[in-house]
Visitor: 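Right, I'll just put the structure down here and ask away after.
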Amino acid sequence: MVGTQQEREEKVSLELTEEILQSMETGMVFRDYNGRISSMDFHKTSSYLVTASDDESIRLYDVAGAACLKAINSKKYGVDLVCFTSDPTTVLYSSKNGWDESLRLLSLNDNKYLRYFKGHHDRVVSLSLCSRKECFISGSLDRTVLLWDQRAEKCQGLLRVQGRPAAAYDDQGIVFAIAFGGYIRMFDSRKYEKGPFDIFSVGGDVSDANVVKFSNDGRLMLLTTMDGHIHVLDSFRGTLLSTYNVKPVSINSTLEASFSPEGKFVVSGSGDGRVHAWSVRSGKEVASWVTYETEPHVIKWAPGSLMFATGSSELSFWIPDLSKLAAYVGRK
């Protein structure tokens with residue numbers, strides 16, 4: 001028993017390094033999908049993960065128990081983007097049927113809709129929940145970004161954009177970012193109607209924005225674009241720290257990237273199906289993995305964990321192979 005406890009403490013004390021990242025490989029795979037995974041989200045404080053896929057299913061996983069707990073079909077509306085609310089049994093998701101662009105708040109406990117959010121007139125391509133408050137933001141191909149309160153069906157605010165928008169709250173919910181047309185616009189969430197308080201350039205990359213995200217500590221942000229660029233910026237000064245390049249993605253795909261929990265590394269998909277990892281400090285690629293896929297994976301790092309997940313035609317969890325790590329093996 002003592003050995004097990006000691007081993008657990010050693011695992012917890014492992015800090016994410018380049019060596020650990022390079023050792024990572026798929027440890028658990030779920031292959032029971034009949035279509036590509038279009039979106040996924042880890043819950044911040046539980047061990048749950050939710051996925052949305054082209055087979056019109058929403059699936060709930062207990063990562064710690066390595067089990068799929070539930071699969072709910074959304075045949076009528078389809079499902080495209082999905083994310084947890086603060087409650088691990090409630091999700092928000094966007095449709096994928098081409099005729100109803102409402103967002104839906106769904107209880108996974110009893111498969112009941114708690115609320116509909118109507119306002120967009122074209123596909124929703126960006127969805128971000130504020131983790132501290134019951135509000136969220138959505139961006140659509142109808143060239144609007146809408147601000148919502150989970151408790152009200154009507155949107156609380158509307159911002160018009162000139163292009164495909166990517167939008168995200170920071171972890172505190174104090175600011176949000178909207179990216180399109182080669183720039184990231186920063187808004188104070190309490191007085192967004194006054195317009196952006198800052199505008200950051202991403203160095204002339206005007207291809208469609210795909211995903212914008214903040215690091216957990218709010219100091220960094222990343223933007224991915226259709227041309228296969230992943231820009232990392234200082235979110236206070238707007239300085240472009242580095243740009244990573246992968247294969248471009250098609251108009252129907254999304255290039256996704258994710259910060260590791262402490263913000264030292266970025267993992268991403270690629271238009272050719274590879275998975276890449278970069279060091280934020282050096283700006284250099286530290287690892288790259290060939291997969292059986294030819295389209296970009298959706299990718300998310302698990303909160304506070306040495307694990308990330310990728311979604312394609314299957315769901316994969318990537319973990320370090322401790323047998324490859326000299327420092328760890330030497331301690332045995």
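We use all heavy atoms of the structure for the numbers below, so side chains are in, but hydrogens, waters and symmetry mates are not. For the single chain, residues carry numbers from 1 onward in sequence order.
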Visitor: Could you measure the distance from the OG atom of Ser316 to the CD1 atom of Ile37? Nearest 0.5 Å is fine.
Guide: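 Reported value, rounded in 0.5 Å steps: 8.0 Å.
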Visitor: Run through Arg36, Glu293, Arg31 and flag the one making a side chain to side chain donor-acceptor pair (under 3.5 Å) with Ser313.
Guide: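 One option only clears the test, and that one is Glu293.
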Visitor: Could you pull out the closest heavy-atom pair between Lys213 and Phe259, with the gap in Å?
Guide: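 Heavy atoms only, the tightest pair is O-CE1, 3.9 Å.
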Visitor: For atom OH of Tyr48, is the number of surrounding heavy atoms from other residues, nucleotides or ligands below 6.0 Å larger than 12?
Guide: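 Check fails, neighbour count at 12 or below.
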Visitor: When you check the gap from the basic side-chain N to the acidic O, do Asp54 and Lys96 get nearer than 4.0 Å?
Guide: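 The answer is yes: the pair qualifies as a salt bridge.
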Visitor: Looking at Lys300 and Glu256, does any basic side-chain N land under 4.0 Å from a carboxylate oxygen?
Guide: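 Salt bridge present between Lys300 and Glu256.
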Visitor: Is it the case that one hydrophobic cluster holds both Phe187 and Ile184, taking links as side-chain heavy atoms less than 4.5 Å apart, direct or via other members?
Guide: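 No.
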Visitor: Using only heavy-atom distances, determine whether the side chains of Arg59 and Ser57 contain a donor-acceptor pair under 3.5 Å.
Guide: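 Looking only at side-chain atoms, Ser57 and Arg59 do form a donor-acceptor pair, the distance falling under 3.5 Å.
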Visitor: Ring-plane angle category for Trp301 and Phe308, please: parallel below 30°, perpendicular beyond 60°, tilted otherwise.
Guide: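 Geometry flag for Phe308 against Trp301: tilted rings.
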Visitor: Regarding His229 and Ser207, is there a side-chain donor-to-acceptor distance under 3.5 Å anywhere?
Guide: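 His229 vs Ser207: no donor-acceptor pair found between side chains.
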Visitor: Taking everything shown except Lys70 itself, do over 12 heavy atoms lie less than 6.0 Å from its NZ?
Guide: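 Buried by this count: over 12 neighbours within 6.0 Å.
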Visitor: When hydrophobic residues are tied together by side-chain contacts of less than 4.5 Å, even through go-betweens, does Leu255 share a cluster with Leu220?
Guide: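 Same hydrophobic cluster.
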Visitor: We want to know whether Asn252 and Ser250 form a side-chain donor-acceptor pair, criterion being a heavy-atom distance below 3.5 angstrom.
Guide: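 Note: Asn252 and Ser250 side chains miss the donor-acceptor criterion.
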Visitor: Less than 3.5 Å apart, any donor N or O on the side chain of Asp87 or Thr85 sitting next to an acceptor on the other?
Guide: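 No - no donor-acceptor pair under 3.5 Å links their side chains.
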Visitor: A cation-pi test, strictly: NZ or CZ of Arg185 under 6.0 Å from the centre of the six-membered ring of Phe180 and no more than 45 degrees from its axis. Yes or no?
Guide: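 Arg185 over Phe180 ring: yes.
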Visitor: When you compare the side chains of His121 and Ser140, does any donor N or O come within less than 3.5 Å of an acceptor on the partner?
Guide: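 No.
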Visitor: Quick one: side chain to side chain donor-acceptor pair (under 3.5 Å) partners of Ser39, sequence neighbours excluded?
Guide: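 Expected list: none.
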Visitor: Grab the two heavy atoms, one from Gly273 and one from His297, that are nearest each other, plus how far apart they are.
Guide: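 Distance-wise, the nearest heavy atoms are O-CE1, 3.0 Å.
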Visitor: Do Val91 and Tyr113 sit in one hydrophobic cluster, given that two such residues count as connected whenever their side-chain heavy atoms are within less than 4.5 Å of each other, even indirectly?
Guide: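 Val91 clusters together with Tyr113.
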Visitor: Please test Asp272 against Ser270 for side-chain hydrogen bond (donor to acceptor under 3.5 Å, both in side chains), starting from the C-alpha separation and ending with a verdict.
Guide: CA-CA 5 Å; Asp272 59 5; Ser270 170; 2.8 Å; yes
Visitor: Working to the nearest 0.5 angstrom, can you tell me the gap between Phe200 CZ and Met186 CE?
Guide: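 Answer for the CZ-CE pair, Phe200 versus Met186, is 5.0 Å.
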Visitor: Looking only at side chains, do Asp55 and Ser53 share a donor and an acceptor under 3.5 Å apart?
Guide: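 On atom types as modelled, these side chains qualify, holding a pair under 3.5 Å.
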Visitor: Is the count of non-hydrogen atoms from other residues, nucleotides or ligands lying under 6.0 Å from Tyr183 atom OH greater than 12?
Guide: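 No, OH of Tyr183 has 12 or fewer neighbouring heavy atoms, counting only those of other groups under 6.0 Å.
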Visitor: Any chain of hydrophobic side-chain contacts (each under 4.5 Å) joining Leu222 to Val246?
Guide: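 Linked within one cluster.
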Visitor: Please determine whether residues Tyr244 and Val286 belong to a single hydrophobic cluster, defined as Ile, Leu, Val, Met, Phe, Trp and Tyr linked transitively by side-chain heavy-atom distances below 4.5 Å.
Guide: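 Different clusters: Tyr244 never reaches Val286 through Ile, Leu, Val, Met, Phe, Trp or Tyr contacts under 4.5 Å.
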Visitor: First locate atom CG of Asp208, then atom OG1 of Thr224, and finally report the distance between them rounded to the nearest 0.5 Å.
Guide: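 Separation between the atoms: 10.5 Å.
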Visitor: Take atom NZ of Lys133 as the centre, draw a 6.0 Å sphere, and report whether it contains more than 12 heavy atoms from other residues, nucleotides or ligands.
Guide: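 More than 12 within 6.0 Å, yes.
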Visitor: Heavy atoms only: give me the nearest Leu16-Ser260 pair and the separation to one decimal.
Guide: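 Closest approach of Leu16 to Ser260: CD2-CB, 3.6 Å.
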Visitor: With a 3.5 Å cut-off and no angle check, do the side chains of Ser107 and Asn109 form a donor-acceptor pair?
Guide: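 No pair is found: no donor N or O on one side chain lies under 3.5 Å from an acceptor on the other.
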Visitor: How long is the straight-line distance from OG of Ser94 back to NE2 of His120, given to the nearest 0.5 Å?
Guide: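 Taking NE2 in His120 and OG in Ser94, the distance rounds to 9.5 Å.
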Visitor: Kindly give the heavy-atom pair with the smallest separation between Glu193 and Arg190, and that separation in Å.
Guide: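 Nearest pair, atom of Glu193 first, then Arg190: OE2-O, 4.3 Å.
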Visitor: Measure across Met40 and Val298 and return the closest heavy-atom pair with its distance rounded to 0.1 Å.
Guide: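 It is CE-O, 3.4 Å.
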Visitor: Between Ser258 and Ile299, which heavy-atom pair has the shortest distance, and what is it?
Guide: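 Result for this residue pair: CB-O, 3.8 Å.
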Visitor: Kindly say whether Val267 contributes a backbone atom to a donor-acceptor pair with the side chain of His276 at under 3.5 angstrom?
Guide: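 No, because the side chain of His276 does not come within donor-acceptor range (under 3.5 Å) of the backbone of Val267.
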Visitor: Could you give the distance from SG (Cys130) to CG (Asp170), rounded to the nearest 0.5 Å?
Guide: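 Output value for this atom pair is 7.5 Å.
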Visitor: Between the side chains of Glu15 and Thr17, is a donor N or O closer than 3.5 angstrom to an acceptor N or O?
Guide: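 Thr17 and Glu15 do not have a side-chain donor-acceptor pair below 3.5 Å.
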Visitor: Is there a donor-acceptor contact under 3.5 Å from the side chain of Asn216 to the main chain of Pro261?
Guide: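 Looks like yes, one N/O pair under 3.5 Å.
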Visitor: So does Asn210 get a backbone contact from the side chain of Thr254, meaning a donor-acceptor N/O pair under 3.5 Å?
Guide: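 Side chain of Thr254 to backbone of Asn210, a donor-acceptor pair under 3.5 Å: no, none is there.
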Visitor: For Leu106 and Asn111, run side chain to side chain contact (heavy atoms under 4.5 Å, CB included): C-alpha distance rounded to whole Å, both residues' side-chain angles, the deciding distance at 0.1 Å, then the answer.
Guide: CA-CA 7 Å; Leu106 175 70; Asn111 193 14; 3.7 Å; yes
Visitor: Using ring-ring contact (aromatic ring centres under 6.0 Å, His included) as the criterion, list what pairs up with Phe117, not counting sequence neighbours.
Guide: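 Residues passing ring-ring contact (aromatic ring centres under 6.0 Å, His included) with Phe117: Phe136, Trp148.
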